[in-house]
Peer 1: 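There's a structure below that I have some questions on.
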Number of protein chains: 2
Amino acid sequence: MPIKKKERAVCEVSCDHPETVSLAKKELIPARQAQQAAELFKALGDATRVKMLRALAKRELCVCDISAVIKMSQSAVSHQLRVLRGARLVKYRKEGKRAWYSINDRHVAALLLQGIEHVRHA
Amino acid sequence: MPIKKKERAVCEVSCDHPETVSLAKKELIPARQAQQAAELFKALGDATRVKMLRALAKRELCVCDISAVIKMSQSAVSHQLRVLRGARLVKYRKEGKRAWYSINDRHVAALLLQGIEHVRHA
DNA sequence: ACTACATATGAGTAGCTGTTCACATATTGC
DNA sequence: GCAATATGTGAACAGCTACTCATATGTAGT
């Protein structure tokens, strides 16, 4: 067996505080929940989508209105709406050629607003 | 002037509802605020960071404890802590070799919890 | 000074994101 | 059916993210 130049420090084994760590492990959020929460926040984590959601929180808008309001191409808006639909942040209804979007529920609006308020006072 | 095969549909010009759009434009969130809110949500938008924050919301932990609790390399944890520091989601203090991290304030904890609760009942 | 340890960081990299462009789909009026 | 319109979507692509690995920094003990 060759002599290693320097044994790598394995912090994971040597340094933890057993009781604190096992307590924290026990109370750790389940991976699935963490993943879902992360996906929710990720969907909120883009300036374009924040603008869209903020506008949709106030009134129902069709795709081309959104496009005009936030000054982005219809295609870009459509792609982003797909993300928002996937995260269940918006709902929509079809009316002839038009698709009318609005924010899904007040919990979503509240979460969004809380984030915005947080950065406003920071 | 050559004849174009098909004039591109310019939805931005043809389809908007002037009053609704100008109202929505007036009430549109400022770009800077949208950007900052997006950055806040983006920092929350990763399962690893959600796990870390959830643990840090309950108790102060040093880096290697976090590493043990969420079962990730110390290096990965350090990199993620940098992101969290950058977004002001955590605070820390040095104590000898150790760095003790905890969640920055109750607003951050509330926002995190609200996101988690939202996916739990969804 | 030297070693061990706890943490931070730069480089490298595979995978992901957000846009544009071109086109597909669906609805309406002729 | 055909043309115009509103929306949706796949491909391509530049830029970003979140790891790993190696190494740097800083601290404590000998």
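Since the structure is predicted, the reported quantities are computational estimates derived from the model, not experimental observations. Values reported hereafter were calculated over all heavy atoms of this structure, with side chains retained and with hydrogens, waters and symmetry mates removed. Lettering of chains follows the sequences in order, A, B, ..., and the numbering in each one begins at 1.
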Peer 1: Would you find a donor on one side and an acceptor on the other, under 3.5 Å apart, between the side chain of Asn104(A) and the backbone of Arg88(A)?
Peer 2: yes
Peer 1: Please report the shortest heavy-atom distance between Lys25(B) and Ala68(A), naming the atom on each side.
Peer 2: CE-O, 3.4 Å
Peer 1: For Lys58(A), enumerate each residue passing the side chain to side chain contact (heavy atoms under 4.5 Å, CB included) test, keeping only those at least two apart in sequence or located in another chain.
Peer 2: Arg54(A), Glu27(B)
Peer 1: Within the structure, does a side-chain N or O atom of Tyr101(A) lie under 4.0 Å from either OP1 or OP2 of dG8(D)?
Peer 2: yes
Peer 1: So does Val63(B) get a backbone contact from the side chain of Ser67(B), meaning a donor-acceptor N/O pair under 3.5 Å?
Peer 2: no
Peer 1: Could you name each residue pair satisfying salt bridge (charged side-chain N to carboxylate O under 4.0 Å, His left out) that touches residues 70-86 of chain A, not counting sequence neighbours?
Peer 2: none
Peer 1: Just jot down the salt bridge (Lys or Arg N to Asp or Glu O under 4.0 Å) partners of Glu95(B), sequence neighbours excluded, or say none.
Peer 2: Arg93(B)
Peer 1: Can you tell which of dT20(C), dG18(C), dT20(D) lies closest to the side chain of Gln80(A)?
Peer 2: dG18(C)
Peer 1: Which whole-number value in Å describes the distance from Met72(B) CE to dC21(D) C1'?
Peer 2: 14 Å
Peer 1: At under 4.0 Å, does any side-chain N or O of Arg85(B) touch on OP1 or OP2 of dT9(C)?
Peer 2: yes
Peer 1: Listing request: all ring-ring contact (aromatic ring centres under 6.0 Å, His included) pairs with a residue in residues 16-49 of chain A, at least two apart in sequence or in separate chains.
Peer 2: His17(A)-Trp100(B)
Peer 1: Under 3.5 Å, which N/O atoms of the protein pair with N/O atoms of nucleotides 10-13 of chain D?
Peer 2:
residue	atom	partner	partner atom	Å
dG10(D)	O6	His79(A)	NE2	2.8

Peer 1: At under 4.0 Å between heavy atoms, how does the protein contact nucleotides 24-30 of chain D? Give one character per nucleotide, 5' to 3', with B, S or -.
Peer 2: --BBS--
Peer 1: Do any side-chain nitrogens or oxygens of Ser78(A) fall under 4.0 Å of OP1 or OP2 in dT7(D)?
Peer 2: no
Peer 1: Can you list, by residue number, the residues of residues 32-56 of chain A that have a non-hydrogen atom closer than 4.0 angstrom to DNA chain C?
Peer 2: Lys42(A), Asp46(A), Thr48(A), Arg49(A)
Peer 1: What closest approach, in Å, do Ile116(B) and Ala37(A) show between heavy atoms, and which atom pair accounts for it?
Peer 2: CG1-CB, 4.0 Å
Peer 1: Which part of the nucleic acid, if any, lies within reach of Ala99(A) when heavy atoms closer than 4.0 Å are counted: base, sugar-phosphate only, or nothing?
Peer 2: sugar-phosphate
Peer 1: Could you tell me whether the phosphate oxygens of dG8(D), OP1 or OP2, come under 4.0 Å of any side-chain nitrogen or oxygen in Arg98(A)?
Peer 2: no
Peer 1: Can you tell me the distance, in whole Å, between the CH2 atom of Trp100(A) and the P atom of dT27(C)?
Peer 2: 17 Å
Peer 1: Testing Leu113(B), Leu40(B), Ile103(B) for side chain to side chain contact (heavy atoms under 4.5 Å, CB included) with Val108(B), which one passes?
Peer 2: Ile103(B)
Peer 1: In residues 19-31 of chain A, what residues come within less than 4.0 Å of DNA chain D, judged by heavy atoms?
Peer 2: none
Peer 1: Can you name the side chain to side chain contact (heavy atoms under 4.5 Å, CB included) partners of Ser102(B), sequence neighbours left out?
Peer 2: Glu60(B), Lys91(B)
Peer 1: Could you state the atom-to-atom distance from CZ of Arg93(B) to C1' of dA6(C) in whole Å?
Peer 2: 15 Å
Peer 1: Taking ring-ring contact (aromatic ring centres under 6.0 Å, His included) as the cut-off, I'd like each qualifying pair that reaches into residues 76-99 of chain A, sequence neighbours left out, listed once.
Peer 2: Tyr92(A)-Tyr101(A)
Peer 1: Met72(B) and Leu56(B): same hydrophobic cluster, using ILVMFWY side-chain contacts below 4.5 Å?
Peer 2: yes
Peer 1: Can you pull the salt bridge (charged side-chain N to carboxylate O under 4.0 Å, His left out) pairs that have at least one residue in residues 108-122 of chain B, sequence neighbours excluded?
Peer 2: Glu117(B)-Arg120(B)
Peer 1: In whole angstroms, how far is the C1' atom of dT5(D) from the CG atom of Asp65(A)?
Peer 2: 14 Å
Peer 1: Any donor-acceptor pair, under 3.5 Å, between the side chain of Gln74(B) and the base of dA6(C), if you only look at N and O atoms?
Peer 2: no
Peer 1: Enumerate the residue pairs fulfilling side-chain hydrogen bond (donor to acceptor under 3.5 Å, both in side chains) with a member in residues 33-46 of chain A, sequence neighbours excluded, ordered by first and then second residue.
Peer 2: Gln35(A)-Glu39(A)
